[in-house]
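Worksheet for the structure shown next.
Each ligand, and each atom within it, is numbered from 1 in the order the structure gives.
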Amino acid sequence: PELTFTEWGKELGSVFSVKILNDTFLVLNSFDAIREALITKGNDFAGRPQGSYRLEHFSMGYRDISFQNPGARLKLLRRISLSQIKMFDTGNKRIEELSSSMNKDLVKMFRSLEGRSFNPKEIIYTTVMNVLIMLLMNRKFEKTDKEFKLITEMERLVMQSIAPSGNGVELDILPWLRYFGNSTYKKLERQAQHRDELWNMIKPQILEDIRSDDKESNGLMHVLFRLYHSQQEKTITNSCLLEEVDLKMTFVDMVIAGTGTTFNSFCGFINILSQHRDIQEKLQEEVDRVIGSDRTVSLNDRANMPYTQATVLELLRSTSVGPFGLPCATLRKTSVSGIPIPAGVQILRNHWGMHHDEGFWGDPHAFRPERFLDEAGNIVPPSHVNRRHMMPFGAGTRVCIGEGLAMGRLFMMIATMAQVFVVEQGRLKSSWDPRTYQSGIVLHPLDYEIQLKSR
Ligand code: HEM
């Protein structure tokens, strides 16, 4: 739909409405309209649609961060999650060590396949997923662990069943179809079983860490459980009393929101790299000059590696793996581009269209990191017009809470690949162009294979 809406926007203008079966969405299709909604009138547009049977089922009654409406609970969960994610940035030695150990794992897994043609998806998925698990529980799982299998399967089932315009939309309109073997309902039920089984496995692990008072067990879930216990014992009072379902859905939400997005962006990148020799050489030149080969990449290197940073930005713009962000809803009577909008209207923001607007970008379908560099080769500041036209993480009060984590991980993985490998196309070739990606709430690059040579 992102390509269709972008085309329609040329005729219909920057704001139009579409009917998907009997659900109506207002589509915001230009930078000005999206900016007005998310930033100038952020509080008016900060709601999430609450009428979808599928979302309500998946989120246990909107108890996750992504789909609940603003209120004390959302504020508390967002604040704690954000402060934990900040610890993943520079300055925390243990996290830095763990992150670089994960990069080492990525390199080790790739090295074991050197010289062969292979699909890198599984290895990338394992690495990205484990970064999330590290954030949540301060540990990592092996591919063969039951927990890992449950998480993977749960994430796959969610992606297949909750896209606003995808398969299963009929269940929102006719929820009674669940009594008649509806296939999306079966997927929702299966994911709920996986979720519960997973929670029953990880909850005792988190509680055991807390009991043993392991100072290093400071994952987001440890922090939330400690707060939850303090609230129960009435040693802390917040304006919102957490229940176990809030903790469980925060875990599920972070895994779902953080894995598919980062994983598909990086998967897209490796295919882009294998077909852009010039970009690969520029990345290699920079990493050789700034880091060399004697030490591993660190987040602190970002400041000295503008080309790699520009590549991360161009990757997020070009692939736009969250083509509409998350759907939002107006909380009160408002307007956009001078058009009055009542409360309760469901909104889709065409981030893809904004990131591929030919009138603005000129050549939006070329992969060109230089768009984000000035004449001296420095990264342009966030106030630069090209950076302002980029909202891969949304903006305003509901901006993605994983932005810093995702940007940091993408930087680490891109710089590490350039430092260690030359990436070439393998036997299975597919277009790198994101217009070919498979649609969904998150876009998926087509399958491809690569061949790696150590540098
Ligand atoms: C390349 C990676 C990522 C992209 C492109 C991305 C993109 C987005 C977008 C567009 C939104 C919707 C914002 C809005 O409604 O305005 C969002 C929300 C969200 N993201 Fe991300 N994200 C990424 C990585 C992550 C990671 C790593 C995490 C977890 C650590 C995460 C957690 C969330 C959560 C919880 C929300 C819901 C926020 C809310 O509704 O208040 N994301 N993300």
Exercise. Of the backbone atoms (N, CA, C, O) and the side-chain heavy atoms from C-beta on, which set of Arg349 has a member under 4.0 Å from an atom of ligand 1: side chain, backbone, both, or neither?
Worked result: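 For Arg349, only side-chain atoms sit under 4.0 Å from ligand 1.
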Problem set entry | Region of Arg78 that comes within reach of ligand 1 [heavy atoms, distance under 4.0 Å] |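 The answer is the side chain of Arg78.
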For this session: Return yes if a side-chain donor-acceptor contact under 3.5 Å exists between Thr152 and Lys143, otherwise no.
Result: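 No - no donor-acceptor pair under 3.5 Å links their side chains.
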For this session: State the atoms of ligand 1, each with its element, that fall below the 4.0 Å cut-off from a heavy-atom position in Ser265.
Result: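 In order of numbering, the contacting atoms are 1 (C).
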For this session: Within a distance under 4.0 Å of any heavy atom of Arg48, pick out the atoms of ligand 1 and give their elements.
Result: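 By the 4.0 Å cutoff, the relevant atoms are 14 (C), 15 (O), 39 (C), 40 (O).
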For this session: Inspect the contact between Arg139 and Asp145 and indicate whether a charged nitrogen and a carboxylate oxygen are less than 4.0 angstrom apart.
Result: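 Looking at Asp145 and Arg139, the cut-off is not met.
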Exercise. By ring pair (Phe, Tyr, Trp, His ring centres under 6.0 Å), which residues pair with Tyr437, not counting sequence neighbours?
Worked result: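 Tyr437: no ring pair (Phe, Tyr, Trp, His ring centres under 6.0 Å) contacts found.
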Considering only protein heavy atoms, which is closest to [atom], and at what distance to one decimal place?
| atom | result |
| --- | --- |
| atom 13 (C) of ligand 1 | Arg398 O, 3.3 Å |
| atom 10 (C) of ligand 1 | Pro392 O, 3.3 Å |
| atom 12 (C) of ligand 1 | Leu326 N, 3.8 Å |

For this session: With sequence neighbours excluded, give me every ring pair (Phe, Tyr, Trp, His ring centres under 6.0 Å) pair touching residues 386-407.
Result: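 Every ring pair (Phe, Tyr, Trp, His ring centres under 6.0 Å) pair that includes a residue of residues 386-407, provided the two are not neighbours, is Phe31-His389, Phe360-His389.
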Exercise. Mind checking whether Phe225 and Trp199 have parallel, tilted or perpendicular rings, split at 30° and 60°?
Worked result: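 Because their plane-to-plane angle is under 30°, the rings of Phe225 and Trp199 count as parallel.
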For this session: Determine the interplanar angle of the His356 and His365 rings, folded into 0 to 90°, and report it as parallel if under 30°, tilted if 30 to 60°, perpendicular if over 60°.
Result: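 Judged by the thresholds at 30° and 60°, the geometry between His356 and His365 is parallel.
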Problem set entry | Identified side-chain contact (heavy atoms from CB on, under 4.5 Å) counterpart of Pro445 within the set Asn264, Ile272, Thr436 |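 For Pro445, the side-chain contact (heavy atoms from CB on, under 4.5 Å) check succeeds only for Asn264.
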For this session: Under 2.8 Å from atom 21 (Fe) of ligand 1, which protein N, O or S atoms are there? Could you list them by chain and number?
Result: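 Atoms qualifying: Cys400 SG.
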For this session: Provide the full list of salt bridge (Lys or Arg N to Asp or Glu O under 4.0 Å) pairs with a residue in residues 319-336, sequence neighbours left out, each pair given once.
Result: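 Listed once each, the pairs are Asp44-Arg332.
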Problem set entry | Of Asn29, Asn350, Asp357, the residue whose pairing with Thr6 passes side-chain hydrogen bond (donor to acceptor under 3.5 Å, both in side chains) |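 When Asn29, Asn350, Asp357 are each tested with Thr6, the side-chain hydrogen bond (donor to acceptor under 3.5 Å, both in side chains) holds only for Asn350.
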Exercise. When you measure from atom 36 (C) of ligand 1 to each heavy atom in Ser66, Cys328, Ala37, Gly325, which option holds the nearest one?
Worked result: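 Looking at heavy atoms only, Ser66 sits closest to atom 36 (C) of ligand 1.
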For this session: Taking all heavy atoms of Ile401 and all of Leu82, pick out the closest pair and write down the distance.
Result: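 What the structure gives for the nearest pair is O-CD2, 3.7 Å.
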